[in-house]
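So you know, we letter chains A, B, ... as the sequences are listed, proteins then strands, and number each from 1.
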Protein chains: 2
Amino acid sequence: MLSKKTKYGLKALTYLASVDSKVPVQIAEIAKHENISQKFLESILLTLRRNGFLGSKKGKGGGYYLIKEPKDILMTSVMRVLEGPIAMIPCVSLNFYEKCDDCPDENKCSVNKLMLQVRDSALEVYRNNTLEDLIS
Amino acid sequence: MLSKKTKYGLKALTYLASVDSKVPVQIAEIAKHENISQKFLESILLTLRRNGFLGSKKGKGGGYYLIKEPKDILMTSVMRVLEGPIAMIPCVSLNFYEKCDDCPDENKCSVNKLMLQVRDSALEVYRNNTLEDLIS
DNA sequence: ATATTTTGTCTTCTTGGAGAGCATATTACG
DNA sequence: CGTAATATGCTCTCCAAGAAGACAAAATAT
């Protein structure tokens, strides 16, 4: 399941991209437009900012804005920051690899074999989508 | 993330398929061979039996066995029983559809658009893999 | 009958998601 | 300068689900 964090984060990014200028947008405006809990959204925007997707401006007239162009924001990086690993199991993860403690040989593991294919196909989708592609 | 339930269930199915005959295999044997908690495995095998994948035989010489041929067991059905919906979000699920309560129009939703592609690519993988394909 | 094995139920423990609340820092603007 | 507006940081709680462990009951081969 996709976490609400990722869902809301994607919606917020899409909204910011659709506003198309670099003037800061307040959290309250995003939350209202997307029907999201404002407090929850704050923490999400914060992690997006920490990871270089958003900039923020404090004080009156402040808010959040996109740092890069929508066409330069790949879904692979957004998903990794918001949702975590793209792989469904650590032993097939590119960026978060971890060995299964119950599995003696990954190459003979049926779960590994299947999930490797799933990861590759998901990766293919995320690599072919930028933030710009999500705006209809 | 893939739940351990699904992971263990897949491993157990693979093991039963590799034994290649229809003689019952005891839970303890499967658990030992795959390094799985036996008690947890019991409940997993139970749901696999209830959903028509396995048969069981009680008493001495009893155990679990595959009902269908490995080549006739599709990963789509296994995943749906063990892991639940294949889609990452209910509004793009084929078998477990549910509307998002915050989303006024699915067709304009960026999350929907992206997750639809992810679901299709995952489905493609699961449809192309039977239990037989997982035995190397 | 008895030992073996599945079946069923109840309980517990831990983890993570989701969000509320409040205090603090920064900035625009009159 | 001062005040209102806004973002930031932190803690805390609530709830659900995953992951088991304990133990009694039912079925069956021998």
query: D:dA19 C1' sits how many Å from A:Asp101 CG, rounded?
result: 13 Å
query: Is any side-chain N of the basic residue among B:Glu29 and B:Lys32 closer than 4.0 Å to the acidic one's carboxylate O?
result: no
Closest listed nucleotide, where the reference is the side chain of B:Lys60 and the choices are D:dA29, C:dA18, D:dA27: D:dA29
- prompt: Any side-chain N or O of B:Ser56 under 4.0 Å from OP1/OP2 of C:dT5?
  reply: no
Donor-acceptor pair under 3.5 Å, B:Lys7 side chain vs D:dG18 base: no
Rounded interatomic separation in angstrom, taking NZ from B:Lys58 and P from D:dT28: 7 Å
Identified side-chain contact (heavy atoms from CB on, under 4.5 Å) partner of B:Ile73 from the options B:Asp133, B:Thr130, B:Ile67, B:Leu66: B:Leu66
message: By the 4.0 Å heavy-atom rule, please label B:Leu45 as base, sugar-phosphate, or nothing.
response: nothing
- request: Could you tell me whether the side chains of B:Ser3 and B:Glu83 share a donor-acceptor contact shorter than 3.5 Å?
  value: yes
field: Rounded distance (Å) that lies between atom C1' of D:dA7 and atom CD of A:Glu29
entry: 15 Å
field: Nearest-Å distance for atom pair NZ/C1', residues A:Lys57 and D:dA7
entry: 13 Å
message: Determine whether a donor-acceptor pair (N or O, by modelled atom type, separation under 3.5 Å) exists between the side chain of B:Arg119 and the backbone of B:Val92.
response: yes
field: Interatomic distance where CE belongs to A:Met1 and P belongs to D:dG18 [whole Å]
entry: 11 Å
query: Hey, does the side-chain of A:Lys39 have a donor or acceptor N/O within less than 3.5 Å of a partner on the base of D:dG9?
result: yes
Under 4.0 angstrom between B:Arg50 side-chain N/O and C:dT6 OP1 or OP2: no
Below 4.0 Å: OP1/OP2 of D:dA19 and any side-chain N or O of B:Tyr8: no
- prompt: Counting any heavy atom closer than 4.0 Å, what does A:Gln26 reach on the DNA or RNA strands: base, sugar-phosphate only, or nothing?
  reply: sugar-phosphate
query: What is the distance from CD1 of B:Ile36 to P of D:dA19, rounded to the nearest Å?
result: 12 Å
- prompt: If only side-chain N and O atoms of A:Ser37 are considered, is one of them under 4.0 Å from the OP1 or OP2 phosphate oxygen of C:dA20?
  reply: yes
- line: From CD1 of B:Ile44 across to C1' of D:dA17 the rounded distance in Å is 14 Å
Sub-4.5 Å side-chain heavy-atom contact between A:Leu114 and B:Tyr126: yes
- prompt: Taking CG from B:Leu48 and C1' from C:dT6, how many angstroms apart are they, rounded to a whole number?
  reply: 15 Å
- prompt: For DNA chain C, whose closest nucleotide is more 5', that of A:Glu42 or that of A:Lys5?
  reply: A:Lys5
- prompt: NA contact type, A:Lys4, heavy-atom cut-off 4.0 Å: base, sugar-phosphate, or nothing?
  reply: sugar-phosphate
message: The side chain of B:Phe40 is closest to which nucleotide in this list: C:dT6, D:dG9, D:dA20?
response: D:dA20
